[in-house]
Asks: 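The following block contains the structure, expressed as structure tokens.
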Amino acid sequence: MQFRTIGDTTVSAIGLGAMPLSIENRPDERRAIATVHAALDAGVTLLDTADSYHWHADEVGHNELLIARALARYGGDTSGVLIATKGGRGRPGDGSWTVTGAPEHLKHAAETSARRLGVDAIGLYQLHKPDPAVPWAESVGALRELLDAGTIRAAGISNVTTAQIRQAHAILGGGLVSVQNQYSSAVRDSEPQLRLSTELGLAFLPWSPLGGISRSSLDGPSGPTSTGTAFHRVAAERGVSPQQIALAWLLTRSPAVIPVPGASRPASITDSAQAAKLTLSEAELTRLDREPQG
């Protein structure tokens, strides 16, 4: 496993996006915990969760509690695992997502997440999405207060623009360590945010990093996938999965990139983790960059 850094913490170059373990079409708890354990066995030390990763309205924090149980039942050393959780979104139970960036809500959400995770301080707490009804500086200010209170050790922001990154960096300084936006071979709208994150020394955690290769849990059963892309052809030549090629490609985009692919089966995260061992040639990278989707 390769390693990269989030702030002053060293983590695996591939993380686990735990959302599929708790939302619609989730596996049973036995398989869900086996998936987390498979990630740890493969050397994954970054687990990405959120208080809003749940299905029904009355089970807020389902994924955080699941992660806590999985770590407690793991037979090996988990002291090097970084749990990154998020606050600021909700799920009323009808399949929709809400956004709440009020400072008091965020502070209460972080304190509650820490209790679910069974930690004195959250390793990485991320503001899940800007709330258009709340000034950005006020939402980010809540992260500053959480840092100062010791409730969280480091802060991140998600689904943001470059202007929002710069403003958060001005408010949080070294307390801001990560940006998490959608980014994949198929969705590259966040190239400016990736460049700025690299410039500022922030980790960049692509969510839905297998877009165009594998269906995201957010896509639903009819979500789009691709076949026959350059990623599939390079994978066939290498004798590995297209998912591994996609993740290995992401790792070449910047030393700041740490993909967090979702998984709902042990085999999926075991395969994804292997991407950290792949080295793509210049010729392969040229093919992938020229022909990302066909």
Side-chain angles (χ1 to χ4, degrees), residues 1-18 36 39-50 67 71 76-86 110 117 119-128 140 143-144 146-147 150-160 162 164-166 168-184 190-207 209 244 246-262 269 272-280:
M1 176 62 73
Q2 293 181 34
F3 293 92
R4 296 194 168 183
T5 57
I6 300 178
D8 59 3
T9 301
T10 298
V11 298
S12 55
I14 303 290
L16 169 65
V36 177
L40 300 174
D41 289 343
V44 171
T45 61
L46 172 62
L47 305 180
D48 183 73
T49 181
I67 292 296
L71 290 174
D77 181 15
T78 61
S79 61
V81 174
L82 174 64
I83 303 175
T85 193
K86 311 179 198 68
L117 293 168
V119 297
D120 294 329
I122 296 170
L124 173 58
Y125 191 70
Q126 303 161 96
L127 180 52
H128 208 154
V140 176
L143 298 182
R144 177 74 270 169
L146 288 166
L147 285 165
T151 307
I152 67 176
R153 293 196 175 96
I157 51 178
S158 183
N159 299 300
V160 288
T162 53
Q164 288 166 336
I165 295 173
R166 291 189 184 281
H169 189 255
I171 294 169
L172 299 173
L176 178 67
V177 298
S178 67
V179 171
Q180 185 168 169
N181 276 21
Q182 184 176 16
Y183 187 78
S184 66
S190 285
E191 286 278 3
Q193 291 92 326
L194 170 56
R195 289 194 297 270
L196 179 57
S197 297
T198 305
E199 174 189 323
L200 295 176
L202 307 175
F204 186 87
L205 316 179
W207 64 261
Q244 283 191 38
L247 294 169
W249 172 82
L250 280 169
L251 291 173
T252 70
R253 305 302 287 175
S254 164
V257 170
I258 306 171
V260 285
I269 189 57
S272 290
Q274 296 303 308
K277 299 179 181 179
L278 283 179
T279 300
L280 298 172

Asks: Provide the closest heavy-atom pair for Thr198 versus Ser254 in the form atom of the first, atom of the second, distance.
Replies: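 Nearest heavy atoms, Thr198 then Ser254: OG1-OG, 2.7 Å.
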Asks: Kindly indicate, with the supporting measurements, whether the criterion side chain to side chain contact (heavy atoms under 4.5 Å, CB included) is fulfilled by Leu202 and Ile6.
Replies: CA-CA 7 Å; Leu202 307 175; Ile6 300 178; over 6 Å; no
Asks: In Å and rounded to the nearest 0.5 Å, what is the CD to CG distance from Gln244 to Leu280?
Replies: 10.5 Å
Asks: Mind checking the CG-CG spacing from Leu47 to Leu40? Nearest 0.5 Å is all I need.
Replies: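 Nearest 0.5 Å value for the CG-CG distance: 6.0 Å.
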Asks: Which residues pass the ring-ring contact (aromatic ring centres under 6.0 Å, His included) test with Tyr183, sequence neighbours left out?
Replies: Phe204
Asks: Rounded to the nearest 0.5 Å, what's the gap from CG on Leu127 to CG on Leu172? Could you check?
Replies: 9.5 Å
Asks: The criterion is side-chain contact (heavy atoms from CB on, under 4.5 Å); which residues satisfy it with Val160, sequence neighbours excluded?
Replies: Pro130, Trp136, Ile157, Gln164, Ile165, Val179, Asn181
Asks: Pair Gln180, His128 - check side chain to side chain contact (heavy atoms under 4.5 Å, CB included), show working.
Replies: CA-CA 9 Å; Gln180 185 168 169; His128 208 154; over 6 Å; no
Asks: So how far is it from Leu205 CG to Ser158 OG, rounded to the nearest 0.5 Å?
Replies: 8.5 Å
Asks: Which atom pair, heavy atoms only, marks the closest approach of Pro259 to Leu247?
Replies: CB-CD2, 3.7 Å
Asks: Within the structure provided, determine whether Ile67 and Ile83 are in side-chain contact (heavy-atom separation under 4.5 Å).
Replies: yes
Asks: How close do Gln182 and Ser190 get, heavy atom to heavy atom, and via which atoms?
Replies: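 Residues Gln182 and Ser190, closest heavy atoms: O-OG, 3.5 Å.
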Asks: Report yes if some heavy atom in the side chain of Arg253 is under 4.5 Å from a heavy atom in the side chain of Glu191; otherwise report no.
Replies: yes
Asks: So which pairs with a foot in residues 6-18 pass salt bridge (charged side-chain N to carboxylate O under 4.0 Å, His left out), sequence neighbours left out?
Replies: none
Asks: Drop me the distance from Leu46's CG to Arg4's CZ, to the nearest 0.5 angstrom.
Replies: 12.5 Å
Asks: How close do Ala13 and Ala276 get, counting heavy atoms only, and between which atoms?
Replies: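 Shortest heavy-atom separation between Ala13 and Ala276 comes out as CB-CB, 4.4 Å.
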Asks: Could you check if a side-chain atom of Leu196 sits within less than 4.5 angstrom of a side-chain atom of Glu199, using non-hydrogen atoms only?
Replies: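 Yes, side chains in contact.
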Asks: Holding to side-chain contact (heavy atoms from CB on, under 4.5 Å), I want the full list of residues that pass it with Ala39, two or more places apart in sequence or in another chain.
Replies: Leu16, Val44, Ile269
Asks: How would you list, by chain and number, every residue that makes a side-chain contact (heavy atoms from CB on, under 4.5 Å) with Arg153, sequence neighbours excluded?
Replies: Ala121
Asks: Show the nearest heavy-atom pair for residues Ala275 and Ile14, with the distance to one decimal.
Replies: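 Minimum heavy-atom contact is CB-CD1, 4.5 Å.
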Asks: Is there a side-chain contact between Pro206 and Val260 in this structure, where contact means two heavy atoms from C-beta onward sitting under 4.5 Å apart?
Replies: no
Asks: Under 4.5 Å between any side-chain heavy atoms of Val177 and Thr9, yes or no?
Replies: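 Of all side-chain heavy-atom pairs linking Thr9 with Val177, none is under 4.5 Å.
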Asks: Got a second to check how far Thr162's OG1 is from Leu200's CG, nearest 0.5 Å?
Replies: 10.5 Å
Asks: If the condition is side-chain contact (heavy atoms from CB on, under 4.5 Å), which residues does Thr85 pass it with, not counting sequence neighbours?
Replies: Thr49, Glu64, Ser113, Leu117, Ile122, Tyr125
Asks: What pair of heavy atoms forms the shortest contact from Thr45 to Val11, and how long is it?
Replies: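 The pair with the smallest heavy-atom distance is OG1-CA, 3.3 Å.
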Asks: Do Asp48 and Gln126 come close enough that some side-chain heavy atom pair is under 4.5 Å?
Replies: yes
